[in-house]
Every structure is written in structure tokens, then in C-alpha cells.
**Q** 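I am attaching a structure below and will ask some questions about it afterwards.
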Amino acid sequence: MEAKQVTERGNWGSKIAFILAAAGSAVGLGNIWRFPMAVGQNGGAVFVLVYILAVMLIGFTVMLSELTIGRHSQKNPVGAIERIKPRSPWKLIGYLGILTGICILSYYSVVAGWTLGYLIKTATGSFKGQLSGHLTDKIFTDFSANPWLVIIFLLIIIGVTTYIISRGVKSGIERWTKILMPMLFILIIFLAVRALTLPGAEKGISFYLKPDFSKLSGKVILFALGQAFFSLSLGMGTMITYGSYISKSDNLVSSAGWVCFSDTLIALLAGIIIFPTLFAIPGLTPAEGPGLVFKVFPLVFAKIPGGTIFGILFFSLLLVAAITSTISLLEVPVAYFVDERGWSRTKAAGLMGLLAFLLGVPSALSSGAVKFLTKIDFSGWMDFIFGNISLAFGALLICLFVGYIWGVKRAIGEISSGNTRFKLRPLWVFSVKFLSPIAIIIILFFIRTIAK
Ligand code: PFF
């Protein structure tokens with residue numbers, strides 16, 4: 001019965017295919033757009049340091065917990081909790097995840113749409129010739145304030161995501177990630193080397209890598225923790241859903257480790273491209289906000305022979321990385337409606353996609369197109385509420401659920417299938433029961449003072 005169900009739901013082709021797909025969900029705009037923005041707005045290197053600690057101590061713990069719940073139950077987040085602890089309020093984890101998924105998808109797709117716009121801009125020669133920070137700033141401001149363009153690009157991104165999701169997990173997700181993720185990685189390394197060798201790069205490196213501890217604050221810690229969850233796709237059940245497609249013989253611990261490692265590496269490399277360039281070419285400041293990478297990357301391409309080709313390649317790969325993430329955001333609600341409510345995949349994907357689009361419109365218009373939405377920073381608030389608070393709260397509930405409701409013993413039983421010698425066991429148990437929940441509670445508790 002169990003085996004039959006697994007086959008019908010689809011399974012990953014192999015362990016490496018799973019790692020690539022999970023890394024495909026994790027690696028995206030979170031690494032290349034949101035991470036540098038957060039570093040720039042939160043004091044530079046000190047944020048980077050707290051971020052790395054957050055990934056190692058808390059992110060990895062939650063990642064392993066989610067994958068374990070998923071593989072054990074072979075279900076979507078709501079069904080997974082129901083199977084482990086029937087008729088309990090803990091199902092909230094799943095419902096919260098569905099809501100969070102749709103809300104993140106809405107504004108995330110706006111930025112993915114900008115990426116598509118920039119791909120077209122690069123290909124049509126907008127960034128040829130002498131570029132300054134002031135010019136790329138103006139190009140971004142004009143572009144993001146054009147209401148029709150941003151909405152059309154948003155529609156295209158959500159349309160493509162909906163189409164891929166309606167076709168199902170394996171044919172949809174696996175195919176994209178296998179070749180394109182490694183390509184993105186190689187291109188990023190190349191660009192990082194170029195950025196590091198720009199005259200005047202040292203200032204940027206020191207902003208990025210030399211911590212100034214006077215800048216450490218509750219806000220820095222909250223945003224670093226939120227960024228860790230966002231970047232690793234944690235706290236809303238994505239990794240429960242993806243874990244549900246992993247085979248029993250795979251090693252969950254090393255899979256979790258690889259996903260955390262590759263995701264963090266790409267984010268760190270993105271910073272190595274952004275900050276040296278930013279400081280080497282005048283006209284921009286680190287705290288640029290959502291436009292940061294769109295203003296800085298064209299400056300790197302302008303410094304490379306054949307820069308247009310590199311620009312086209314970069315924005316295409318970033319677009320694919322973004323889409324492997326949007327599909328994982330949409331997969332959470334869709335898996336729920338298909339598994340639990342008996343909807344067809346097409347209907348579930350279509351309706352959820354439509355909802356995300358409608359919610360995305362005000363976000364799309366909040367970067368200059370509509371004064372009121374821009375002034376209240378609609379998309380910034382969406383990102384703060386769903387991309388930080390809601391993911392952190394979801395991660396807290398997941399730790400408590402695994403640590404105290406399901407119980408670490410039973411979770412370890414699941415982890416042991418595929419990994420009989422779970423060496424990190426004492427550390428993981430300590431983190432899932434005490435360290436992670438306490439750290440998240442403290443941070444959430446101080447949120448009102450932090451947000452000020
Ligand atoms: N991790 C993705 C990124 O860094 O771009 C974004 C994301 C995907 C967040 C899926 C949450 C999620 F469930």
C-alpha cells in the first residue's frame with residue numbers, strides 16, 4: 001500500500017536528483033537578490049557572520065526535521081502532520097505553510113519578473129557603453145515604476161510556474177535543475193573573480209567580510225535568521241513536501257547538509273560580486289534596497305569583454321533559478337489540494353496561481369508605479385511578514401513538533417533508514433529541542449522593538 005502510494009506520487013530519480021531539486025528550491029532570488037540586500041541594509045560583515053551561524057546551528061536542524069517528517073509521512077505538510085498526530089492543532093503548520101507559500105510567491109514573482117525584464121534589456125543593448133552607478137540607478141527606477149511592464153512580467157512568471165506545476169513533480173522540476181544549476185554556479189564564480197579584481201574592490205571586501213561588532217543588534221539577528229529560513233526554503237513545509245518524494249534508502253543527513261552548503265556558498269559568492277563592484281564604481285550605496293542587484297550587476301558586465309553575452313547568460317540562469325524556487329512555492333498549496341481535497345493538479349495549480357497573481361499586483365506596483373503603495377512599501381511589508389516572521393514562526397512550530405510531539409526518538413528512527421550511523425545525533429537533538437526553538441522565541445518576542 002505504502003509503496004504503491006509512493007509510486008503514484010512520483011519519486012526523485014536518484015539521490016543526486018533530489019539534492020539538485022531541493023537545491024533548486026533553495027537557490028534562487030533569495031541568494032542573489034535578497035541576501036546582498038539584507039547584508040547592505042544590516043551592517044555588512046556582521047550580518048554575514050550571524051547568517052552563517054544561523055544556517056549551521058538552526059537552518060540545518062530545521063532542514064533535517066522537515067525532510068524527515070516528509071519522508072516518513074510521504075505527504076504534503078497538512079497531511080504529514082495529520083498522519084503523524086491525527087486531529088491535532090499542529091496541522092496549523094501545514095495551513096500556515098500554504099498561506100505563506102502563496103504570499104511569498106506573489107512578491108517573489110515580481111522580482112523574478114524584473115529578472116526577465118533585465119534579460120530583455122541586456123539582450124537589446126540597454127547596458128552598452130559607459131555605465132555609471134547613477135545611470136543604472138535611473139534605468140532601474142524607470143523600469144520598476146512602469147506599471148504595465150511589471151504586471152506583464154509578473155503574469156508571465158506566474159503563468160510559467162503554474163504550467164510547470166500542473167505537469168507534475170518529476171517531469172517539471174528535475175529536468176530544469178540538472179544542467180542549469182551547475183552552470184549558474186560556474187558563471188557566478190567567474191563573475192566573482194572579475195569583481196574581486198576591479199580597482200578599488202578592497203573597500204567592498206572589507207564592508208562585506210570585516211565585521212564591525214558595534215553594528216550587531218536584535219534587528220541584525222532577526223533578519224539573518226529570517227534570511228536563513230527564506231534562503232533554505234524552510235519554515236513553510238517546502239522541504240516536507242520535497243522530502244516526501246525521497247527514497248527510504250537515501251541519507252537524509254548528508255542530503256540536508258549538501259543543500260545547506262551549496263545554498264550558502266552561492267549566497268556568499270553573490271555578495272563577493274556585489275560589494276566590491278558597488279564600492280569600486282561610484283553612484284550607489286550598500287543600502288539600495290530591492291534594486292541593489294539590478295543596479296550593480298550591469299556594472300560588472302560593463303567591465304567584461306563580451307559583457308552582453310555574460311549578462312544574457314547570467315539573467316537567464318538567474319531566471320531559471322528563480323523559477324525552480326517559484327515552483328517549489330506553488331507546489332506546497334497544490335500538493336495539499338491534490339492530496340487532501342481531491343482536486344486535479346491543473347485546477348489546483350490554476351487557482352492558486354491566479355491567487356498569487358492577484359496578490360502580486362499591489363507588490364508589483366509598489367516600486368514607484370503607484371505612489372501610495374510605494375510610500376507604505378507594500379512589498380517590503382509582505383516580505384517582512386511572510387518572508388521573515390511567518391517562516392520563523394513555522395520553523396519554531398516544526399522544531400517543537402519534532403522535538404516534543406512526534407518525539408526525537410521516532411524522528412531518529414526515520415533518519416536511520418539510509419543512515420545507520422547518525423553522528424550528529426546529539427547535536428541535532430539539542431538543537432531541535434532547545435537551541436533552535438529558544439533562539440526563535442527570543443527573536444520573535446522582541447519583534448516589536450526590532451521593527452521600530
Ligand atoms: N529559497 C528560495 C530562494 O532563496 O530564492 C525562496 C523560497 C522558496 C522560500 C521556497 C521559501 C520556499 F518555501
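Since the model is a prediction, treat every value here as computed from it, not as a measurement.
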**Q** How long is the span from the OG atom in S254 to the CD1 atom in I19, to the nearest 0.5 Å?
**A** 6.0 Å
**Q** Going by the salt bridge (charged side-chain N to carboxylate O under 4.0 Å, His left out) test, which pairs reach into residues 285-295, not counting sequence neighbours?
**A** D137-K295, E288-K295
**Q** Which of parallel (below 30°), tilted (30 to 60°) and perpendicular (above 60°) describes F422 and W428?
**A** tilted
**Q** Per the side-chain contact (heavy atoms from CB on, under 4.5 Å) rule, which among I93, I405, L92 passes with I81?
**A** I93
**Q** Determine whether a donor-acceptor pair (N or O, by modelled atom type, separation under 3.5 Å) exists between the side chain of R71 and the backbone of E66.
**A** no
**Q** Just checking F140 against W114, ring centres under 6.0 Å apart?
**A** yes
**Q** Will you find, in the side chains of S390 and T100, an N or O donor that is under 3.5 Å from an N or O acceptor?
**A** yes
**Q** Using the six-membered ring of F223, assess whether NZ or CZ of K219 lies under 6.0 Å from its centre and within 45 degrees of the ring axis.
**A** yes
**Q** Counting only N and O atoms by type, is there a donor-acceptor contact under 3.5 Å from the side chain of N251 to the main-chain atoms of V253?
**A** yes
**Q** Do the ring planes of Y245 and Y242 sit parallel (below 30°), tilted (30 to 60°) or perpendicular (above 60°)?
**A** perpendicular
**Q** Are F378 and Y107 an aromatic pair by the rule of ring centers under 6.0 Å?
**A** no
**Q** Give a yes or no answer on whether the side chain of S325 reaches the backbone of A321 with a donor-acceptor pair at less than 3.5 Å.
**A** yes
**Q** Using the rule given for side-chain contact (heavy atoms from CB on, under 4.5 Å), can you reason through F153 versus V110, listing the C-alpha separation, both sets of side-chain angles and the distance that settles it, and then say yes or no?
**A** CA-CA 7 Å; F153 287 131; V110 172; over 6 Å; no
**Q** Run the numbers on I312 and L119 for side-chain contact (heavy atoms from CB on, under 4.5 Å), then give the verdict.
**A** CA-CA 6 Å; I312 293 174; L119 170 60; 3.9 Å; yes
**Q** What distance do E340 atom CD and N76 atom CG have between them, rounded to the nearest 0.5 Å?
**A** 4.5 Å
**Q** Aromatic rings Y118 and F143: how do their planes relate, parallel, tilted or perpendicular, breaks at 30° and 60°?
**A** perpendicular
**Q** Using 0.5 Å steps for rounding, measure from the CG atom of L292 to the CD1 atom of I274.
**A** 5.0 Å
**Q** If you apply the rule side-chain hydrogen bond (donor to acceptor under 3.5 Å, both in side chains), what do you find for D263 with N31, and how did you get there?
**A** CA-CA 7 Å; D263 185 72; N31 308 58; 2.8 Å; yes
**Q** Pick out which of Y51, F275, F47 makes a ring pair (Phe, Tyr, Trp, His ring centres under 6.0 Å) with Y208.
**A** F275
**Q** Please determine whether the number of non-hydrogen atoms from other residues, nucleotides or ligands lying under 6.0 Å from atom CH2 of W90 exceeds 12.
**A** yes
**Q** Can a donor-acceptor pair be found between the side chains of T346 and S166 at a distance below 3.5 Å?
**A** no
**Q** Okay, side chain of S431, backbone of L427: is any donor-acceptor separation there less than 3.5 Å?
**A** no
**Q** Any side-chain to backbone donor/acceptor pair from N419 onto I415? Under 3.5 Å, distance only.
**A** no
**Q** Say you draw a straight line from CG of L391 to CD of Q227; how long is it, rounded to the nearest 0.5 Å?
**A** 10.0 Å
**Q** Starting from the C-alpha separation in whole Å, work towards a yes-or-no answer on salt bridge (charged side-chain N to carboxylate O under 4.0 Å, His left out) for K248 and E414.
**A** CA-CA 9 Å; K248 290 281 181 196; E414 178 63 42; 3.0 Å; yes
**Q** Sub-3.5 Å donor-acceptor pair from the side chain of S144 to the main-chain atoms of S367, do we have one?
**A** yes
**Q** With salt bridge (charged side-chain N to carboxylate O under 4.0 Å, His left out) as the criterion, how do R345 and E331 come out once you've worked through the C-alpha distance, each side chain's angles and the decisive distance to 0.1 Å?
**A** CA-CA 10 Å; R345 271 195 93 78; E331 175 64 19; 2.6 Å; yes
**Q** According to the ring pair (Phe, Tyr, Trp, His ring centres under 6.0 Å) rule, which pairs have a member within residues 321-361, sequence neighbours left out?
**A** Y95-Y336, F337-W343
**Q** On the 0 to 90° scale, with breaks at 30° and 60°, tag the F315-F297 ring pair as parallel, tilted or perpendicular.
**A** perpendicular
